[in-house]
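Note sheet for the following structure.
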Amino acid sequence: MRLWIKDPIDILGQNSGRGLVVENGCIAELIATGSEPTSPVDQIYDASTHVVTPGLVNTHHHFYQTMTRAHPDAINKELFPWLVSLYPIWAKHITPENFRLATRLALTELMMSGCTTTSDHHYVFPAGLEQALDIQAEEAERVGMRMTLTRGSMNLSEKDGGLPPDQVVQDHDTILVDCERVIKKYHNRSFGSKLQVALAPCSPFSVTPELMRETARLAQQHDCRLHTHLGETKDENQFCLDRFGCRPVDYLEDCGWLSDRTWLAHGIHFTDDEVKKLGHACVGICHCPTSNMILASGHCRTIELEAAGCAVGLGVDGSASNDNSNLIEGVRHALMINRLTYDTAGVTHLDALRWATEGSARCLGRSDIGSIELGKVADLAFFRLDELRFSGAGDPLAALVLCGAHQADRVMIGGEWTVENGQPVAVDVAGLRYEHGKAAKQFLESL
Ligand SMILES: [Zn+2]
């Protein structure tokens, strides 16, 4: 079946002014302005009311946090006190049932914002939630999204000088055995894979250096990506200096993590030398503009990091510090926060869109997604410009970012429609809203 996505208003791709042909889930042909497909098509989709972009790629999230949005105990706090308030609430209330709803809601919300691939950094494993990644694999398949399951971990609790309470951490051996289990079960490196696995000790203040080192060894052995939070706050710098006698990037290097296998969430508080070191190693950086603004964490040095050799991608971050899962909104936030650091020519709407697509795909180590190019998988987002906010807009791609697109009208993943007329094909949104909202009420109970 050859499907011609014909005559979009505008498209974020080269030589495709008249659209593209999708065949066997991939982009089989790009149709340049003034051209026609070179061989007959079976079907035409009239995209003349849509702006088409590559499917957006989200490189950092914590799905379970959709249960604690705008939580009264956490609002208006910076990262460390925010975490200390939330850890016990999460520890007490996350169950397999509400974790499943949180996962389904985050995936659906992301997809409705034009996202086709996501990772989720899941690192909270209270007793009873040992199958968290299995639940996520099932839900990703159900919703129809491409996903990097990110097996997080914490093994340094308060009693050992870490930040999290004892009941949310696991021991070193349990973590590594489960990492290997989920890799063997779900890590598929083939072209167009719908599920991959990355390993992700949570942060310097919640895991031991030994776990960092062992995790890096395991990732190399099984050819999977490595992820962690780094350079998010000044408190983290101080923690590393106090505990390890060095700054976070030196700690990372010491643990064997300075490699092109690694992508980091946030990456804010780096010196010039550290930026150079990260770039030299081709470490990826997931810029999380919305979360960085809400938690007052600081400004990511996106342009210097890219110039040094880092891939820069975008992430919405967890839904207790965003507090939504809307990636196209994150593109707008990325443009705006970067304009506080760089001049108008230094960061444009096309840079912000590039981070959310090509840059994010590089962070996840994927060359088969992230751009509209011949041979890549057909992961696409379609936006309409008929809401009031777009009226009067000239440049269609700039309008998505500057006027504030917040919902895709259609989404295609691997050649299949997963969102049509603004609604996900496989999810009852009203039912999900009701069930998730009901489950989330437990998280407001006092401890
Ligand atoms: Zn995070």
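Judged by a 6.0 Å distance limit and a 45° cone about the ring axis, Arg151 is positioned over the six-membered ring of Phe125.
In this structure, Asp272 pairs ionically with Arg301, as a charged nitrogen and a carboxylate oxygen lie closer than 4.0 Å. Asp160 has no carboxylate O lying under 4.0 Å from a charged side-chain N of Arg243, or vice versa, which leaves the two without a salt bridge. Using a cut-off of 4.0 Å between Lys/Arg side-chain N and Asp/Glu carboxylate O, Glu109 and Arg69 are scored as salt-bridged.
Counting non-hydrogen atoms of neighbouring residues, nucleotides and ligands closer than 6.0 angstrom, the CZ atom of Arg362 reaches no more than 12 such neighbours. Under a cut-off of 6.0 angstrom, the local environment of CD in Glu141 is sparse, with at most 12 non-hydrogen atoms contributed by other residues, nucleotides or ligands.
If you check the side chains of Asn188 and Ser190, you find a donor sitting under 3.5 Å from an acceptor. Donor-acceptor pairing under 3.5 Å is recorded for the side chains of His50 and Asp409. Side-chain atoms of His266 and Asn292 form a donor-acceptor pair, as typed in the model, at a separation below 3.5 Å. A donor-acceptor pair shorter than 3.5 Å cannot be found between the side chains of Ser319 and Thr66.
Of the listed residues (Phe63, Tyr64, Trp90), just one forms a ring-ring contact (aromatic ring centres under 6.0 Å, His included) with His122, and that residue is Tyr64. Of the listed residues (Ile337, Leu335, Thr341), just one forms a side chain to side chain contact (heavy atoms under 4.5 Å, CB included) with Arg339, and that residue is Leu335.
The aromatic rings of His227 and Trp263 lie parallel to each other, with less than 30° between the two planes, well short of the 60° mark.
In terms of heavy-atom proximity, Ala137 sits nearest to Leu149 at N-CD2, 3.9 Å.
Taking CD from Glu214 and CG from Leu199, the interatomic distance works out to 12.0 Å, rounded to the nearest 0.5 Å. To the nearest 0.5 Å, the span separating OG1 on Thr148 from NE2 on His60 amounts to 13.5 Å.
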